[in-house]
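All values derive from a computational prediction rather than experimental measurement. What you see below is based on every heavy atom in this structure, not just the backbone, and it leaves out hydrogens, waters and symmetry mates.
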Amino acid sequence: MKKVFVGVLVAMQLAVFCSMAEAELVETGERYLGTPYQFGGNTPDQGFDPSGFVQYVTKETWDAPLPRTVREQWKQGESVERAELERGDLIFFGASTTPTHVAIYAGNDTILHVTQSKGVITTELSTSAYWNPRYLGAKRITEEPALSLDPFVQEAAKYIGIPYIFGEADPEIGFDCSGLTNYVFRQMGIFLPRSAEEQWLVGEEIELEDIQPGDVVFFKDTYKPGISHNGIYAGNNQFIHASRSESVTIGHLTSTYWQEQFAGVRRFNDLTLEAEVPVVSVATKYVGEVPYKQGGVTPEGFDTAGFIQYAFRESYGIELPRYASGQLEHGDEIAREDVRPGDIVFFEGNTLNPAIYISEDRVVHVTLSQGVTVTNFAASNYWRDRYVTAVRVPEATKIHDDLLQKR
């Protein structure tokens with residue numbers, strides 16, 4: 001798999017930053033002269049290490065960051081001979097062919113970089129007994145790796161910079177990786193499971209050579225064994241993801257780390273809503289918007305059966321019984337393989353838990369922890385074994401059939 005991955009990436013065109021005046025990098029970087037060194041640092045408040053400094057400056061200058069490590073930055077751009085250096089070129093230092101340090105060429109034989117002893121400083125290159133003999137090469141960044149105009153990518157890009165918070169899927173608070181993909185796709189009318197593992201199970205498998213912007217890339221064995229991370233592919237070997245060490249940011253598939261952890265690609269185009277089914281359309285309006293409330297029967301808060309009762313009343317004018325047991329008795333029982341959008345599916349939780357079937361094993365329902373939410377019960381470790389039965393509400397079927405005949 002790894003050989004295939006590397007081969008595909010080599011074949012795919014790498015795009016890099018647009019031909020803006022490279023001198024802007026120097027001007028931006030000089031604002032941070034004196035900022036202290038900090039291992040792993042990539043902001044002025046934290047301090048900088050060398051590659052963190054270059055990444056921060058390129059992001060602030062061009063609003064599109066380079067990869068995070070020196071080795072990955074070394075892979076960008078076009079090689080430049082030392083005699084042809086221009087302001088804004090990146091200069092790399094190291095032993096043999098392995099870069100361990102990066103600097104921005106500031107012109108007049110001067111480099112702008114970070115050292116452990118002095119932080120962000122300028123150094124005269126040719127007279128430096130330390131840096132001059134360690135000169136490895138230079139790269140010129142000439143084109144910007146523009147993000148795709150795909151609507152999923154553009155939606156994801158709105159949240160770049162939002163902090164990483166485990167377990168969250170709210171731009172007002174933060175995102176974890178699957179929370180970001182879940183939220184972005186929900187804005188586009190596609191309801192994914194909440195976790196990366198579950199999202200991996202429900203998508204259409206796509207070969208890497210067929211990847212398109214808006215597909216989701218998955219990674220394994222990052223902070224735990226198995227599928228554990230994902231992001232939205234943005235074109236040009238880039239993906240937007242919620243990074244545990246940063247925030248919502250742009251990652252690069254050319255990174256050695258992501259190549260090693262790569263698991264595969266999934267596409268979710270087939271998971272759109274059955275918008276023509278009125279109860280599905282009404283019920284999904286409240287996903288992520290209404291919390292669980294014991295005894296709740298209105299959009300201020302719902303309990304499980306109160307949500308079902310409200311959705312059928314609003315969509316069809318049908319008054320179902322108040323509680324799940326009555327709703328079960330009200331409908332006509334149907335086999336699991338015959339369930340269709342708009343049917344009521346019942347699960348065994350602490351009590352009988354009703355849900356409205358959407359399609360492709362997805363239901364919209366109320367849970368204590370998430371309020372109104374969408375679950376793919378076939379992929380859910382909790383719900384998959386709790387299926388009880390399903391019923392079809394005859395009055396709703398008649399209304400729906402009448403609507404179709406009028407079209």
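For Ser247 and Thr249, the side-chain atoms include no donor-acceptor pair closer than 3.5 Å. In summary, the side chains of Thr61 and Thr28 do present a donor paired with an acceptor at a separation below 3.5 Å, with no hydrogens or angles considered. No side-chain donor from either of Gln46 and Tyr56 sits under 3.5 Å from a side-chain acceptor of the other. For the 3.5 Å distance criterion, the side chains of Thr389 and Glu333 qualify, holding a donor opposite an acceptor. A side-chain donor from one of Thr222 and Ser228 sits under 3.5 Å from a side-chain acceptor of the other. Thr181 and Gln199 share a side-chain donor-acceptor pair at under 3.5 Å. If you check the side chains of Glu168 and Tyr164, you find no donor sitting under 3.5 Å from an acceptor.
When every heavy atom of Ile356 is checked against every heavy atom of Ala283, the shortest pair comes out as CD1-CB, 3.9 Å. What you find for Gly342 and Val279 is that their closest heavy atoms are CA-CG1, 3.6 Å. Heavy-atom minimum distance, Ala396 versus Phe312: CB-CE2, 4.0 Å. Scanning both residues, Ile232 and Ala156, for their nearest heavy atoms gives CD1-CB, 3.9 Å. Taking every heavy atom of both residues into account, Pro44 and Tyr32 meet most closely at CG-CE2, 3.5 Å. Heavy-atom minimum distance, Phe93 versus Ala103: CE1-CB, 4.0 Å.
Of the possible donor and acceptor atoms, none in the side chain of Ser128 sits under 3.5 Å from a partner among the backbone N and O of Glu124. Side-chain atoms of Gln261 come within 3.5 Å of backbone atoms of Lys220 as a donor-acceptor pair (strictly under, hydrogens ignored). The closest donor-acceptor contact from the side chain of Asn182 to the backbone of Leu192 lies under 3.5 Å. For Asp150 (side chain) and Phe152 (main-chain N/O), a donor-acceptor pair under 3.5 Å exists by modelled atom type. Arg134 contributes no side-chain N or O that, together with a main-chain N or O of Trp131, makes up a donor-acceptor pair within less than 3.5 Å. Between the side chain of Gln154 and the backbone N or O of Ser148, at least one donor-acceptor pair lies under 3.5 Å. Looking only at distances, no side-chain donor or acceptor of Thr123 sits under 3.5 Å from a matching main-chain atom of Leu125. Judged by distance alone, with hydrogens and angles left aside, the side-chain atoms of Asp170 form a donor-acceptor pair with the main-chain N or O of Glu172 at under 3.5 Å. Checking side-chain atoms of Tyr233 against main-chain N and O of Asn237 turns up a donor-acceptor pair under 3.5 Å. Here the side chain of Glu198 pairs no donor or acceptor atom with the backbone of Pro193 at under 3.5 angstrom.
Aromatic ring pairs are classed by plane angle as parallel below 30°, tilted from 30° to 60° and perpendicular above 60°; the pair Trp200 and Phe218 is perpendicular. By the 30° and 60° cut-offs, the orientation of the rings of Phe219 relative to Trp258 is tilted. The aromatic rings of His365 and Phe347 sit tilted, their planes meeting at an angle between 30° and 60°.
For the pair Arg82 and Tyr135, the cation sits on the ring face: its NZ or CZ lies under 6.0 Å from the ring centre, inside 45° of the axis.
Contact check on Asp49 versus Arg68 returns a salt bridge, with a Lys/Arg side-chain nitrogen under 4.0 Å from an Asp/Glu carboxylate oxygen. Salt bridge Arg313/Glu319: present, at least one basic N to carboxylate O contact under 4.0 Å. Looking at Asp303 and Arg322, a side-chain N of the basic residue comes within less than 4.0 Å of a carboxylate O on the acidic one, giving a salt bridge. Contact check on Asp332 versus Arg392 returns no salt bridge, with no Lys/Arg side-chain nitrogen under 4.0 Å from an Asp/Glu carboxylate oxygen. Under 4.0 Å is where a charged nitrogen must lie from a carboxylate oxygen, and between Glu24 and Arg87 no such pair does.
Residue pairs meeting the salt bridge (charged side-chain N to carboxylate O under 4.0 Å, His left out) criterion with at least one member in residues 225-238, sequence neighbours excluded, do not occur.
The side chain to side chain donor-acceptor pair (under 3.5 Å) with Asp176 is formed by just one residue from the set Arg244, His229, His241, Arg194; it is Arg194.
Taking a 6.0 Å sphere around CG of Asp338, one finds it holds more than 12 heavy atoms contributed by other residues, nucleotides or ligands.
A distance of 6.0 Å or more separates the ring centres of Tyr37 and Phe48. For Tyr292 and Phe302, the ring centers sit 6.0 Å or farther from each other.
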Item to complete: Assess whether side chain to side chain contact (heavy atoms under 4.5 Å, CB included) is satisfied between Leu180 and Tyr183, documenting all intermediate values.
Response: CA-CA 5 Å; Leu180 175 67; Tyr183 185 87; 5.7 Å; no

Worksheet item: Yes or no on side chain to side chain contact (heavy atoms under 4.5 Å, CB included) for Arg362 and Phe191, after CA distance, side-chain angles and deciding distance?
Response: CA-CA 8 Å; Arg362 293 172 300 156; Phe191 291 83; 4.2 Å; yes

Practice prompt. Would you sort out whether Arg140 and Glu84 count as a salt bridge (charged side-chain N to carboxylate O under 4.0 Å, His left out), showing the intermediate values?
Written response: CA-CA 10 Å; Arg140 181 166 298 154; Glu84 298 175 352; 5.9 Å; no

Practice prompt. Please test Glu155 against Arg186 for salt bridge (charged side-chain N to carboxylate O under 4.0 Å, His left out), starting from the C-alpha separation and ending with a verdict.
Written response: CA-CA 10 Å; Glu155 181 67 25; Arg186 179 162 24 114; over 6 Å; no

